[in-house]
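Remarks on the structure that follows.
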Amino acid sequence: MPGSTTLGPGHGVDAIDHADARRLASVMRDLHRLLDEAGPHRLTDPQVAALCGAQAQSRDEFTGWVGRMAAYLEKVTST
């Protein structure tokens with residue numbers, strides 16, 4: 001559909017508005033920065049655990065996934 005970004009095989013939502021996808025890419029990019037940077041603004045390990053639903057997931061794995069998703073969303077919304 002014009003003006004939308006397809007997310008993948010259906011699990012409820014197949015596409016979102018293009019502007020929403022660009023906004024999501026921006027949020028994911030900012031989240032990646034907060035996960036990856038050093039210093040006072042870095043998300044703490046308990047905050048990361050809360051974002052992951054307290055599942056056993058390494059910070060590095062989650063940080064990598066967020067970075068990949070941000071890059072992917074930026075790529076597919078660049079047009």
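Owing to the predicted nature of the structure, the values given are computational and were not obtained by experimental measurement.
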- Between the CH2 atom in Trp65 and the SG atom in Cys52, the distance rounded to the nearest 0.5 Å is 9.0 Å
- Query: Taking the side chain as C-beta and beyond, is there a heavy-atom pair between Leu51 and Leu31 under 4.5 Å?
  - Reply: yes
- Could you grab the distance from atom CG of Leu35 to atom CG of Asp60, nearest 0.5 Å is fine? 10.0 Å
- Note on the structure: The reported gap from CZ in Phe62 to CG in Leu43 (rounded to nearest 0.5 angstrom) is 8.5 Å
- Task: List in chain and number order the residues that pass side chain to side chain donor-acceptor pair (under 3.5 Å) with Thr44, two or more places apart in sequence or in another chain; answer none if no residue qualifies.
- Result: Gln47
- Task: Could you tell me which residues satisfy salt bridge (charged side-chain N to carboxylate O under 4.0 Å, His left out) with Arg68, sequence neighbours excluded, listed by chain and number?
- Result: none
- Query: If you look at every heavy atom in Ala21 and Thr77, which pair is closest and at what distance?
  - Reply: CB-CG2, 3.5 Å
- Can you check whether Leu34 reaches His41 side chain to side chain, under 4.5 Å on heavy atoms? yes
- Please name all residues satisfying side-chain contact (heavy atoms from CB on, under 4.5 Å) with Arg29, sequence neighbours left out, ordered by chain then number. Ser26, Ala70, Glu74
- Item | Atom CZ of Arg42 with >12 non-hydrogen neighbours under 6.0 angstrom | yes
- Message: Applying side-chain contact (heavy atoms from CB on, under 4.5 Å), can you list everything that pairs with Arg33, at least two apart in sequence or on another chain?
- Response: Asp30, Glu37
- Item | All salt bridge (charged side-chain N to carboxylate O under 4.0 Å, His left out) counterparts of Asp45, not counting sequence neighbours | Arg59
